[in-house]
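Sequence lines set the chain letters: A, B, ... in the order given, protein chains first and strands last, and positions in each chain run from 1. Hydrogens, waters and symmetry mates are skipped; everything else that's a heavy atom, side chains included, is used.
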Protein chains: 2
Amino acid sequence: MYYSIKQVSEQTDLKPHVLRYYEKEGLLPFVSRSENGVRRYSKDDLEWLGLVCCLKNTGMSIKKIKDFVDLCAQGDKTLKQRCDMLLEHKRDVEEQIREMYKHLEKVTYKISYFTEQYKNFVESSETGA
Amino acid sequence: MYYSIKQVSEQTDLKPHVLRYYEKEGLLPFVSRSENGVRRYSKDDLEWLGLVCCLKNTGMSIKKIKDFVDLCAQGDKTLKQRCDMLLEHKRDVEEQIREMYKHLEKVTYKISYFTEQYKNFVESSETGA
DNA sequence: ATAAACCTTAAAGTTAACATTAAGTCAAGA
DNA sequence: TCTTGACTTAATGTTAACTTTAAGGTTTAT
């Protein structure tokens, strides 16, 4: 069973031209075509696309995803390298989350500061009125 | 006491040309100049820059930060609006973090999958040798 | 006093990740 | 049959957030 580019588009929230773009950039090297040159996506292609999206959603660049894909194409001898790459990426993401929390604290602090100011403003306009 | 653009650059990890860029985009409307037109940053300017960086670090766009700055320039009557804006931004950031966690889980899952594959590969090359 | 190190503006260049447009092929329904 | 809609490629456009370059003025150390 195959899926058209439109069907895949609907399942993944990636528009057709984005799917073509990813393919052109080497992120989806195995998508087959009908006799008329129309793309048809297999279950395996969707699985693969899932991995690509997973990496992209966590902020990996397209270039780096391409590097990963190229490693896959080289077969089992790159399995360790791929594991290492994913583990490093995971550490990156965890670090991103920690940074986010740190920055979020500052936002929270700023909010309390502005809220205080607003409270004073409302009070003063009440007594002034 | 004033700081030169270089000094501010060193304190904030923003390069001089970025500080000029931010000013040009309206993010730093109050920086004064010496008689020769050289920028000099006051404590207040640094405080202000701190807020700008805080918003930028949590992913607010320069355009949106500019909107916030413009509200500030309109005085106390926009205080509530500014509080609301920051609160909404905070919710955005929290949502970002939640999404990150969700995506991180998938990465973790993929890692276990690849690690398993690698384990099998090592085993099979051991028995094969 | 002259060279190095700083500052200024304006304008053009860069990068990633798409998005849009143009020009065309192909299949299904009224 | 004809038109509508989905597909194709290739090329060009867009956006954000810088980054670099060019061309020049000023300050400071030797």
Please report the distance, rounded to the nearest Å, between [atom1] in [X] and [atom2] in [N].
| X | N | atom1 | atom2 | value |
| --- | --- | --- | --- | --- |
| A:Ile65 | C:dC18 | CD1 | C1' | 14 Å |
| B:Lys15 | C:dT8 | NZ | P | 17 Å |
| B:Glu10 | C:dA5 | CD | C1' | 13 Å |
| A:Leu55 | C:dA16 | CG | P | 18 Å |
| A:Leu14 | C:dA17 | CG | C1' | 12 Å |
| A:Glu35 | C:dC26 | CD | P | 11 Å |
| A:Leu19 | C:dC18 | CG | C1' | 13 Å |
| A:Tyr21 | C:dT15 | OH | P | 14 Å |

Which word best sums up how the rings of A:Tyr101 and B:Tyr101 line up, parallel for under 30°, tilted for 30 to 60°, or perpendicular for over 60°?
-> tilted

Select base, sugar-phosphate, or nothing to describe what [X] touches, counting heavy atoms under 4.0 Å on all strands.
| X | answer |
| --- | --- |
| A:Arg33 | sugar-phosphate |
| B:Lys56 | sugar-phosphate |
| B:Lys6 | sugar-phosphate |

What residue pairs, at least two apart or across chains, pass side chain to side chain donor-acceptor pair (under 3.5 Å) with a residue in residues 2-21 of chain A?
-> A:Tyr3-A:Lys43

From B:Lys77 atom NZ to B:Arg82 atom CZ, the distance as rounded to the nearest 0.5 Å | 11.0 Å

Verify the neighbour count for atom OH of B:Tyr113: are there more than 12 heavy atoms of other residues, nucleotides or ligands below 6.0 Å?
-> no

In this structure, are over 12 heavy atoms from other groups packed under 6.0 Å from A:Tyr109 atom OH?
-> no

Determine the sole option in A:Leu55, A:Val93, A:Thr58 for which the side-chain contact (heavy atoms from CB on, under 4.5 Å) test with B:His103 is passed.
-> A:Thr58

Options C:dC7, C:dC18, C:dC26, nucleotide nearest the side-chain atoms of A:Tyr22 | C:dC18

Nearest listed nucleotide, side chain of A:Asn36, among C:dC7, C:dC26, C:dC18 = C:dC26

In plain terms, say whether B:Glu95 and B:Arg98 are close enough for a salt bridge, that is, a side-chain N and a carboxylate O under 4.0 Å apart.
-> yes

First-last contacting nucleotides on DNA chain D - partner chain A, under 4.0 angstrom, heavy atom = D:dA6 to D:dT9

Does B:Arg39 place a side-chain N or O at less than 4.0 Å from the phosphate oxygens OP1/OP2 of C:dT9?
-> yes

